[in-house]
Number of protein chains: 2
Amino acid sequence: MTKNKERTGLKEHDDAGLPRSEAVTDLSVSSTLIRGIEVLQCFSSTDQALGNAEIARRLGLNRPTVSRLCKTLVHLGYLRRDAKGAFRLAPKLLALNYPMLSAMPWRYDLLRTMGELADMCDGNCSLGVLSGDSFVHVQTVGIPPGWPHIPDIGQTGPLYRSALGWALLSMLQGEELESKIADLRALHPDEYEASAEKTSAAITQCRRDGFCVSYGDWRPNLVAAASPLGRTEDGLDVAIACALPRYRTVAGYFETDMGPRLADAAESIRMSGVFVFPKLPK
Amino acid sequence: MTKNKERTGLKEHDDAGLPRSEAVTDLSVSSTLIRGIEVLQCFSSTDQALGNAEIARRLGLNRPTVSRLCKTLVHLGYLRRDAKGAFRLAPKLLALNYPMLSAMPWRYDLLRTMGELADMCDGNCSLGVLSGDSFVHVQTVGIPPGWPHIPDIGQTGPLYRSALGWALLSMLQGEELESKIADLRALHPDEYEASAEKTSAAITQCRRDGFCVSYGDWRPNLVAAASPLGRTEDGLDVAIACALPRYRTVAGYFETDMGPRLADAAESIRMSGVFVFPKLPK
DNA sequence: ATATAATGTTTGAAATAATGAAATAACATT
DNA sequence: AATGTTATTTCATTATTTCAAACATTATAT
């Protein structure tokens, strides 16, 4: 099952010294579970309906295997078949998340403030949470008509080239920050290197001014400012951001107006006590 | 693996005539995938952090097995360990849903109308989608402070004893409705029977007046009205509901004021053409 | 402190479940 | 009708899971 190992990126023992050239599969994780969930991961905003064969092609499995996995997921209610017989994610998948969303009551408490911020900059305002090598949106307010993309719960973005990502990184302390950066570097060597300077500058700015700004680093036509909020009791790192389309942005507005205001708002949110803000190194 | 079969409720061939009393396991679904996902399903608003042993107990597996499944889910990023070493759902799980949310652009288009409805009744307004034997909330607007529960994306409720559920059922046609009711009856025999009359009355009301009302049938202290919206192009059945705490409800308000207004709003939403409304039987 | 009871993880061998090739069936599109 | 799709079924092979036992690691109680 060499293919499988490479695909899933499982950590395995070094084969170098083994008697036969046979690879040792990692018995401590379940490959079937991985494959099943990888089926769900195949779907995206642009690939909303997928057939068996297409999924098999992407995952490097053969059709019968995928057929069985999909059948299982349909049985569980997380996939459905549309009129054309293709598979689509099913609404029950949302139910899996409800426990997590209801564990973030601060998402509601911040709605008002977020709305005010969105109005203030005539753009939108989002909350993001650190997750592996990405941030994940957990709340978004203000989605004007004609908005270039759909920021919604669950959308992910890069830590190393987005305002929200930088704000999140700025909260990590020495050892923690080191290891996160090492992870990012390992996962996206070239991409990370290309943004390394901007990243460290933004982290510095966050720590000094309480916010940082991104000019189209993530979404080419969006300008955004972000501020760190802190870590929740149960261990999630949270930041807040405001964004608007580039063509509507007045030069310097984010640096001199919106940024400081966002930082103020973040500061007063921190006063609520929901978020623990780390003591930052001088 | 007799235990497994019973737990997962897999359909299997009748063993009656088999030579040995050995059960035939169903090769067409993947039991490992089922178990892995069942681990995720263990979490709820009230059980946000679970240990290995607790999960094992609930699923009827032994600890090593659960340890491996959890390790796999952590590897995938869908579980995380908190400060105490317990497992919690990880934010990456939200990312799995993003493709589905972004496939429902009408969730945004309806925000304004929903806000108006919520203001009008001084309560909240939600969109629900049919999913198996339940509805799933896909959007909620208006969460006043002190609200008795947290209606949010992903929350599920019963089809047969809630306004939203009844409104959804009212859209199903003959054969489709029959089979859905049969499913409900099979899954919750007693509970269904207890609400059967209310259910059919509400379906009738929906078809006649365009809305139905529930007085605490789902959440004891909530009164709600709901209207069917129709079926989306990709096959989801959607309904809209407004709810407020019972103690704030004036007698008859939902029947004579809010209900008809909701029905009007639903009617004008349907005009937008996003939802296909079935031709109802006279 | 020490004992006791839980929990989490690692083994290895036995049992089982997953796999993929081949065949079949169902469907669209020529 | 014929071709190229795609989805499903079957079955023998193989690899993965499972479980019990032992160990390590916490908590909790005495």
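Order of the sequence lines fixes the chain letters, A, B, ..., with proteins taken first and strands second; residue numbering starts at 1 for each chain. The analysis underlying the following values was restricted to heavy atoms, covering all of them including side chains, and did not include hydrogens, waters or symmetry mates.
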Colleague: Counting side-chain heavy atoms from CB outward, which of D/dT18, C/dT9, D/dA7 is closest to B/R81?
Modeller: C/dT9

Colleague: Taking the side chain as every heavy atom from C-beta outward, state whether A/L177 and A/Q173 have any atom pair closer than 4.5 Å.
Modeller: no

Colleague: Kindly assign one of parallel, tilted or perpendicular to the pair A/H137 and A/W218, based on the angle between their ring planes and the thresholds 30° and 60°.
Modeller: perpendicular

Colleague: Is any side-chain nitrogen or oxygen of B/S67 closer than 4.0 Å to OP1 or OP2 of C/dG8?
Modeller: no

Colleague: Checking all strands, does A/N62 fall into the base, sugar-phosphate, or nothing category for heavy-atom contacts under 4.0 angstrom?
Modeller: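 The residue A/N62 makes base contact.
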
Colleague: Please tell me if A/S30 has a side-chain N or O lying less than 4.0 Å from either OP1 or OP2 of D/dT16.
Modeller: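 For D/dT16, OP1/OP2 do not have a side-chain N/O of A/S30 under 4.0 Å.
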
Colleague: Separation of A/L59 atom CG from C/dA18 atom P, in whole Å?
Modeller: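 Going from CG in A/L59 over to P in C/dA18 covers 17 Å.
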
Colleague: Between A/L50 and B/T65, which is nearer to the 5' end of DNA chain D once each is assigned its nearest nucleotide?
Modeller: A/L50

Colleague: Measure the distance from CD1 on A/I34 to P on C/dA18 and round it to the nearest whole Å.
Modeller: 15 Å

Colleague: Rounded to whole angstroms, how far apart are CG on B/D82 and P on C/dG8?
Modeller: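 My rounded result for the distance is 11 Å.
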
Colleague: Regarding B/R81 and the six-membered ring of B/F87, is the cationic atom NZ or CZ under 6.0 Å from the ring centre and inside 45° of its axis?
Modeller: yes

Colleague: Between C/dA18, D/dT9, D/dA7, spot the one nearest the side chain of A/K71, thanks.
Modeller: D/dT9

Colleague: From CG of B/N52 over to C1' of C/dT10, roughly how many Å is that when rounded to an integer?
Modeller: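 Distance check: B/N52 CG to C/dT10 C1' gives 13 Å.
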
Colleague: Checking contacts here: which listed nucleotide (C/dT19, D/dT17, D/dT8) is nearest the side-chain heavy atoms of A/R35?
Modeller: C/dT19

Colleague: What is the ring orientation for B/F275 with B/W106, classed by angle as parallel under 30°, tilted 30 to 60°, or perpendicular over 60°?
Modeller: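 B/F275 and B/W106: perpendicular rings.
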
Colleague: Please give, in whole Å, the distance from D/dT25 P to B/R63 CZ?
Modeller: 16 Å

Colleague: For D/dT8, does OP1 or OP2 lie under 4.0 Å from any side-chain N or O of A/R68?
Modeller: no

Colleague: Which whole-number value in Å describes the distance from A/L69 CG to D/dA7 P?
Modeller: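 Nearest whole value for this atom pair: 14 Å.
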
Colleague: Report the distance from atom CD of A/E54 to atom C1' of D/dT6, rounded to the nearest whole Å.
Modeller: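 That distance rounds to 12 Å.
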
Colleague: Got a sec: does the CD of A/Q41 have more than 12 other heavy atoms crowding it under 6.0 Å?
Modeller: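 Above 12, so yes.
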
Colleague: When the nearest nucleotide of DNA chain C is assigned to B/P64 and to B/R57 on a heavy-atom basis, which residue is associated with the more 5' position?
Modeller: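 That would be B/R57.
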
Colleague: On the nucleotide D/dA15, are OP1 or OP2 found under 4.0 Å from the side-chain N or O atoms that A/S31 carries?
Modeller: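 Looking at the OP1 and OP2 atoms of D/dA15, neither is under 4.0 Å from any side-chain N or O of A/S31.
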
Colleague: Please tell me which of A/G51 and B/K84 maps to the more 5' nucleotide of DNA chain D, matching each residue to the nucleotide holding its nearest heavy atom.
Modeller: A/G51

Colleague: Can you tell me how far P of C/dG8 sits from CG of B/L61, to the nearest Å?
Modeller: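 Taking CG of B/L61 and P of C/dG8, I get 14 Å after rounding.
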
